[in-house]
Amino acid sequence: MESSCRLPLHVCHVKKTEMVINRLHIFLHGIALLALFYYRITTLSLIIKTREIPLLPYLIVIVSEIVLTFLWVMHQLATQWRPVKRTVYPERLPEDDKLPPIDVFIFTAHPSQEPSLEVMNTVISAMSLDYPPDKLAVYLSDDGGSYVTLYAVREAWKFARFWIPFCRKYELRIRCPESYFSADEESADDKLTCCSEFAADRKIIEKKYAEFQEALEKNSVNANASYSRNHPSRIEVIRDENTDSDPDQKEMPLLVYVAREKRPDHHHHFKAGALNVMLRVSALISNAPYFLVLDCDMYCYDPSSARQAMCLFLDPETSPQIGWVQFPQKFHNIISEHDIYDSGHNSDWRGLQGVDGLRGPMMCGSNFFMRREAIYGTDRIQKDIDLKQLKKSFGSSNEFIRSIYKPLLPEDRQNSAEALQNELQLVSSCSYDNDTEWGKEVGYIYNTVSEDMVTSLVLHCRGWRSAYVDPARPCFLGVCPTNLNDMLVQQTRWALGAMQIALSRFSPLVYGALRMSILQSMFYAQVGSLYVVPVCGLAIMPQICLLYGIPLYPKVSDPFFILFAFIFISSQLKHVQEVISYGDSFKNVLIELRVWMMRSGASYVYAFLEAIMEWIGLHKTHFVLTGKVVDKEQAKRYEQGIYDFQASPQLLVPMCSLYIFNLATFIIGIPMIFHKGDELLAQAVLPFFGIIVNYHLLEGMVFRQDSGCIAPSVTLLSVAISAVIFCCGSLLLLY
Ligand SMILES: O=c1ccn([C@@H]2O[C@H](COP(=O)(O)OP(=O)(O)O[C@H]3O[C@H](CO)[C@@H](O)[C@H](O)[C@H]3O)[C@@H](O)[C@H]2O)c(=O)[nH]1
Ligand SMILES: [Mn+2]
């Protein structure tokens, strides 16, 4: 025992081979980029003197290359400099009675867009975590203020009273009921299948689950109508009145339903607003020093996540600095052989492994355990601060301020139920934040749709570290978009969030670089929507110049041609190396590239425009929920690995226009390529590469007849727009 106490709770290994490869690549590719800019500057001055070719297209290409290089530097240095992998040893944790309490916050926003059964599965899976039940409290935040959801939570509680003991008795490895009953027996029950008592118990629980499912289904008929944006707050600790004296109740974690007050004339700050209310409500009820944040569509798969996170929080070496522990988001609805929308976001998770070697990953909205002290910023409060000042920061609730300073003990609960309810109403009211520091310095930061990113940035700046734990058996499994429309909508929101932050006072390279390590701030500066600049520059200008026979790149016989070829090939090969060493197949290289181009040609364009319009005060952004209800036809197409173009024309038109434009310029330009091959080869490679990578768009427009193809009206409109692009682009050749 003595010696096991001294063993570390976690180990962080630096991935040495990858680190060497990455740094070598950064060095060589970096030198090549410097040479490229040397070439550009010298040729630019020549062009200015001789005016041999028009200046403007050349400048546009240079600006595009500058932006691409900027994004490359931000990405490579932040995510490739020091990749690490962590291993945790939960079996070395102290006994259960020494573990700290944990609150779990689950968020739902719409009863019909986020079906109750799925949400309740997340709730039940969280209640079934392998953690002492008296130290676990689960809160469901319902931004829809819906009685359908409230009823469902009550039913979930009743079902959980049977489910949790069943999980404990047989030590189930899957504790989300839906996932358990649909898993193949082997993985769900391990070696229990042959035990007759187990078989009988399983039958009973399966029947109860079917009844539970049926009750929710009946109840969900009016889901849409039950959604409300105008309601007082409602907070209810769920319990079974008849079983209050039941000793089994102690085996159940606390379950609380929270619907914050909502009024039409109030800005509710999306999920960040809901998170801050949850912090305050839970502080008055259970006030655990750590909490777990989960989206409603992200259930707990491996029940040991809380113990795994504690390996970092309780490790005497790392503990005082760790603000949060992030687990990856993995998805149960992905078919990994052909994840054609890159919904797994593996490139992002690879990036987190990298930044974990610096000061740690950002919070990714869901699946992270957080230290309450960090999000309150209590460590920054001066010792002699008075109550008035505290109220200025934390709002008017005395009870809440008291909760900051000491853990809640059972004897503190002398407050009558009525007094508690009044205080809960106060802290969950929509005006509580007014004239306080909530959303500015305290809690989750407002004014962006990416509350997770900006809050992480601020906490990293305050000196907190974070950790990324990615065990072989996923701890959480969720639902991700498996159709083009939802994927692009989600990407637009994320890109918009990053751009809003870049334009705010928390701009990573100003606010961040002054307060944290430069490499870490580079991670936050990867603003995806900036890709619109090189996309517009490099997918339009060189192509127009190709048609007019104007060279923008060195001749094949020029030694600088090799430099451009090297940069192109080296960045592609590096991508291949990253994908393969993460354990993905070669096919993913193509998919990631293709999806990145589609995002650039749709999501990033809109995110860029929306953020700029908001910045100059012409637009107010909304949080568009990611679709979670699956359309059968779309699902079938996804299963077959076929792209579904039943997406909003608004999203399809920009990318189709760019495709048609590139295809047309390449075909029309062929005689020119033959004629001036030496001068124009590099320029012909660009449209050719785009056409090949995005061949599925051509298929969708021309070769497919099924209902998932690109509508002829979209194609026609795109043809017209590509003609306009050509005309406008040609005008630029005048300068
Ligand atoms: O006003 C709101 C809006 C959203 N949500 C909840 O926030 C979660 C995330 O919304 P979802 O539509 O599922 O968006 P995703 O794109 O899947 O979410 C990713 O991106 C978000 C930031 O854009 C993060 O907050 C999420 O954690 C992250 O998983 C869901 O549980 C919603 O119910 C609210 O509670 N209130
Ligand atoms: Mn989601």
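Note that ligands are numbered from 1 as they come in the structure, with each ligand's atoms numbered from 1 the same way.
- By the 4.0 Å N-to-carboxylate-O rule, E441 lies close enough to R462 to be salt-bridged with it.
- Checked for salt-bridge contact, K271 and D295 meet the test: a charged N lies under 4.0 Å from a carboxylate O.
- Atom numbering of ligand 1 starts at 1 in the shown order; those under 4.0 Å from a heavy atom of V449 are 22 (C), 23 (O).
- No close placement of the F369 and Y290 rings is indicated, their centers lying 6.0 Å or farther apart.
- Protein heavy atom closest to atom 12 (O) of ligand 1, with residue, atom name and distance, is T626 N, 2.7 Å.
- Here's the thing with Q329: one of its N/O atoms is less than 3.5 angstrom from an N/O atom of ligand 1.
- Ring pair H345/W494 is tilted by interplanar angle, where 30° to 60° counts as tilted.
- Here the heavy atom of the protein found nearest to atom 11 (P) of ligand 1 is K628 NZ, 3.4 Å.
- The ligand atoms of ligand 1 that sit less than 4.0 angstrom from a heavy atom of D452 are 24 (C).
- Below 4.0 Å from some heavy atom of A109 lie the following atoms of ligand 1, by number and element: 5 (N), 33 (O), 34 (C), 36 (N).
- Taking the six-membered ring for Trp, H332 and Y299 have ring centres closer than 6.0 Å.
- A salt bridge is absent between R465 and D356: the closest approach of a Lys/Arg side-chain nitrogen to an acidic carboxylate oxygen does not fall below 4.0 angstrom.
- Taking every heavy atom of S366 and a limit of under 4.0 angstrom, the matching atoms of ligand 1 come to 27 (O).
- Under 4.0 angstrom from ligand 1, there are no non-hydrogen atoms of H268.
- Here the shortest heavy-atom distance to atom 32 (C) of ligand 1, taken over E114, M453, K271, belongs to E114.
- The closest heavy-atom contact to atom 6 (C) of ligand 1, among the options F105, F107, W494, F623, comes from F107.
- When each of T436, V427, V442 is paired with F394, the side-chain contact (heavy atoms from CB on, under 4.5 Å) condition holds for V442 and for no other.
- Within the structure, ligand 1 lacks S141 among the residues with a heavy atom less than 4.0 angstrom away.
- Using a 4.0 Å cut-off between a side-chain N of Lys or Arg and a carboxylate O of Asp or Glu, R599 and D342 qualify as a salt bridge.
- Taking the six-membered ring where the residue is Trp, the centroids of H267 and F270 are separated by under 6.0 Å.
- Under a 4.0 Å criterion applied to the non-hydrogen atoms of C296, ligand 1 contributes the atoms 31 (O).
- Salt-bridge formation is detected for the pair R154/E236: a Lys NZ or Arg NE/NH1/NH2 atom is positioned less than 4.0 Å from an Asp or Glu carboxylate oxygen.
- Remark: minimum distance from atom 28 (C) of ligand 1 to any protein heavy atom is reached at D295 OD2, 3.4 Å.
- Summary of contacts: the protein heavy atom closest to atom 36 (N) of ligand 1 is D143 OD2, 2.7 Å.
- The residues R175 and D302 are annotated as not salt-bridged, no charged nitrogen and carboxylate oxygen being separated by less than 4.0 angstrom.
- Y643 and R594 share a side-chain donor-acceptor pair at under 3.5 Å.
- Taking atom 17 (O) of ligand 1 as the reference point, the nearest protein heavy-atom neighbour is Q490 NE2, 3.3 Å.
- Aromatic pair F400/Y376: centroids less than 6.0 angstrom apart.
- Ligand 1 has a nitrogen or oxygen under 3.5 angstrom from a nitrogen or oxygen of G365.
- The atom name of the N/O/S atom in D297 closest to the Mn ion (ligand 2) is OD2.
- With respect to atom 21 (C) of ligand 1, the closest heavy atom belonging to the protein is R493 NH1, 3.5 Å.
- Protein heavy atom in closest approach to atom 1 (O) of ligand 1: F270 CA, 3.3 Å.
- In summary, the atoms of ligand 1 found under 4.0 Å from a heavy atom of T108, numbered by their order in the structure, are 33 (O), 35 (O).
- The closest approach between M298 and ligand 1 stays at or above 4.0 Å for every heavy atom of the residue.
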